[in-house]
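Quick note: numbers below take in every heavy atom, side chains included, and nothing from hydrogens, waters or symmetry partners.
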Amino acid sequence: TELDLAGNPRVTRVRMDIGCYEAPAFAGDTLTVTGDKDNLGTVLPPYGDYENVGSSLTFTAPAEDQEIDATTRYRFVGWERTVVHPDGSSVKTSGEGTSVTLAHAAGDKEFFHWKISYVYAVTTTVADEHAGSASGSDWYLDGSNAVITATANEHYTFSAWTGDGVRYLTDEQKTAAQIEIAVTAPVALTATFAATYYVAAEGGSNENDGLTPETAFADAWYAVSVAGEGSEIILLDGTHCFPDATTKCLTVDKRLYIHSANGPDVTTIAAQYWNGTKYVNNNWRVLYIANAQARVEGLTLKGGNQLSGDEVKSGTGGGVVLMEGGTLRNCTVTGGKVFGTAGGMYMNGGLVTGCVISNNQATAGHSNGGGVYMAGAATLEHSLVAGNSCTANGNGPYGGGIYIKDANCTVRNCTIVRNSCRYGAGLYVSARAVVTDTISYGNTATTTEDATPDFVGTCNATNVCSSVQKGVGMGNGELA
């Protein structure tokens, strides 16, 4: 034995354990439960992490669809399982159903994941139950296909699908009686059918099918609501009134042909309703055309009061509005009032032909167009504009008979007579437009500042100014 420097025995050539790094044991016997859609729904065992699990694991989820709202549910459609062994290897399995029992080996890590799909409602209805039927209403898994069919009854033809769900259809599908779509959201579709409908001024019923004069509807508003694109609506002789005090103007936003049976002299739509004792005037215009292919013909459109305005187009068009084009033919527009522009008719494009626009009134500081206010590419032809007025003072008003705002407007073969306004009592043109073969006479300025009340505008060398009977004064624009 050797001694150290202090004289103590020194130990040599002896193996000693001075310590070393030891890897931790594999953390097995754990379970993690997850699910699609951020762990949607209630399951057993609940979503979460678990330790010291047993040798048998049972997982359950609701077997029935679970409601999110009236048009959306969710469904447990299967499961996926990943097992990680202590040596790092893993095994993946999957299955369908909402209940499964699986064996668990000691030391394994379990990852169990529920597969969940949304389920969406497809709802099909018909605009007119007399016209036909629609099938395909059901609940569909997200991404699955739905076959939807419209079937027309006798005397009807399928027209088009309408409703919120049309945004999921192609242009071709919108007019196809049978379609197949992939459902990725709630879909609501209404089948519309085309037919020839009749509306009675008195004695009709909206419980009828409307297909004959004897089974006519009670009002044009209902007829428009059930009619499919391409339908014809015939108004029988008499005065057709608003159904009630709350009903707004007759809005034609479809490709419809609406006309009288026997012409405007015997067929009127009046801005009034029956209050149980008598007919009362209301505060709505008579007609609003919002479809470029809509046609209205052979009617007297009487009254209309936009003195209070409405959300459709406040302060424009006391009697009639053509907002998206459309055609008005052989009609009389009379007695309209507006607190703003266009006492009788407001045209944003469209065609008015063979009509009489008479005795309408625009009030307010800028009450332009007592009879007709023209904008866009509006065309007025073969018509009489008579007895209309702009009654306000101040800066304006302009155009007692007709006020032309935009350059693409056309007036041809018209007579403008006995209208009154401060400036341009007959015709006022504020932009480069086309006016041909038109007579304007006998119109009255309400101020001495306007020396040529029949026609205010500026002609250029290409315009045939003689087509306007009276002299030409200065305005803000030109005629082409």
Side-chain angles (χ1 to χ4, degrees), residues 125-131 162 190 192-193 195-228 231-254 256-262 264 266-291 294-314 317-321 323 326 328 331-338:
T125 57
V126 294
D128 180 5
E129 63 181 11
H130 299 102
T162 62
T190 298
T192 62
F193 301 88
T196 297
Y197 296 102
Y198 292 85
V199 179
E202 295 181 0
S205 170
N206 292 339
E207 298 297 321
N208 292 338
D209 60 19
L211 295 178
T212 68
E214 293 73 27
T215 60
F217 290 141
D219 64 80
W221 286 258
Y222 181 77
V224 169
S225 72
V226 300
S231 291
E232 179 181 7
I233 298 175
I234 302 174
L235 275 62
L236 302 177
D237 295 357
T239 298
H240 297 254
C241 298
F242 283 47
D244 51 52
T246 61
T247 298
K248 300 177 183 179
C249 58
L250 179 62
T251 298
V252 185
D253 55 1
K254 309 172 187 177
L256 301 177
Y257 176 36
I258 302 174
H259 64 97
S260 64
N262 295 300
V266 294
T267 314
T268 298
I269 300 180
Q272 58 186 21
Y273 65 94
W274 179 256
N275 69 358
T277 304
K278 61 181 180 180
Y279 285 103
V280 179
N281 294 333
N282 62 17
N283 290 325
W284 301 106
R285 65 173 63 90
V286 179
L287 176 66
Y288 187 94
I289 297 178
N291 185 291
R295 294 182 296 153
V296 177
E297 184 174 341
L299 300 168
T300 291
L301 305 168
K302 183 179 180 180
N305 185 343
Q306 282 296 109
L307 297 183
S308 61
D310 71 80
E311 71 277 9
V312 176
K313 188 66 177 178
S314 179
V320 175
V321 167
M323 185 54 64
L328 192 72
C331 289
T332 296
V333 179
T334 187
K337 295 180 180 180
V338 67

Heavy-atom side-chain contact between Asp219 and Asn206 under 4.5 Å: yes
Whether over 12 other heavy atoms sit under 6.0 Å from Lys254 NZ: yes
Check against side chain to side chain contact (heavy atoms under 4.5 Å, CB included), Leu301 and Thr334: CA-CA 6 Å; Leu301 305 168; Thr334 187; over 6 Å; no
Check: Asp244 and Tyr273 side chains under 4.5 Å, non-hydrogen atoms: no
Separation between CZ of Phe193 and OG1 of Thr190, rounded to the nearest 0.5 Å: 10.5 Å
Residue pair Ala227 / Ile233: nearest heavy atoms and the distance that separates them: CB-CD1, 4.2 Å
Chi angles and distances behind the side chain to side chain donor-acceptor pair (under 3.5 Å) call for Asn282, Asn305: CA-CA 7 Å; Asn282 62 17; Asn305 185 343; over 6 Å; no
is_close_aromatic(Phe242, Trp274), centroid dist under 6.0 Å: no
Heavy-atom pair of closest approach, residues Ala271 and Gly304: CB-N, 3.2 Å
Residue pair Asp253, Thr251: steps toward the side chain to side chain donor-acceptor pair (under 3.5 Å) verdict: CA-CA 6 Å; Asp253 55 1; Thr251 298; over 6 Å; no
Spacing of CG belonging to Leu287 relative to CD1 belonging to Ile289, to within rounding of 0.5 Å: 4.5 Å
Under 3.5 Å: donor-acceptor pair, side chain of Asn208, backbone of Gly210: no
Minimum side-chain heavy-atom gap Leu236-Val199 below 4.5 Å: no
From Leu299 atom CG to Ile269 atom CD1, the distance as rounded to the nearest 0.5 Å: 5.0 Å
Donor-acceptor contact present, side-chain Ser260 to main-chain Gly298, <3.5 Å: yes
Distance in Å, Glu202 CD paired with Cys241 SG, rounded so as to fall on 0.5 Å steps: 8.5 Å
Audit row: Leu328, Val333, side chain to side chain contact (heavy atoms under 4.5 Å, CB included) steps and yes/no: CA-CA 10 Å; Leu328 192 72; Val333 179; 4.1 Å; yes
Short side-chain to backbone donor-acceptor contact, Thr300 and Lys302, under 3.5 Å: no
Side chain to side chain donor-acceptor pair (under 3.5 Å) assessment of Tyr257 paired with Glu297: CA-CA 8 Å; Tyr257 176 36; Glu297 184 174 341; 3.1 Å; yes
Point-to-point distance, once rounded to the nearest 0.5 Å, from CG of Leu211 to OH of Tyr198: 9.0 Å
Side chain Arg285, main chain Gly317, donor-acceptor under 3.5 Å: yes
Residue pair Leu256 / Val224, side-chain heavy-atom distance below 4.5 Å: yes
Short side-chain to backbone donor-acceptor contact, Thr267 and Pro264, under 3.5 Å: no
Residue pair His259 / Ile234, side-chain heavy-atom distance below 4.5 Å: yes
Least distance between heavy atoms, Ala127 atom then Ser225 atom: CB-O, 4.2 Å
CA sep, side-chain torsions, deciding dist, call: Thr192, Thr162, side chain to side chain donor-acceptor pair (under 3.5 Å): CA-CA 7 Å; Thr192 62; Thr162 62; 5.4 Å; no
Gln272 side chain near Val280 side chain, heavy-atom distance below 4.5 Å: no
Spacing of CG belonging to Asp128 relative to OG belonging to Ser231, to within rounding of 0.5 Å: 9.5 Å
Main-chain N/O of Lys248 paired to Trp221 side chain as donor or acceptor, under 3.5 Å: yes
Least distance between heavy atoms, Gly318 atom then Val338 atom: N-CB, 3.8 Å
Check: Phe217 ring centroid to Tyr197 ring centroid under 6.0 Å: yes
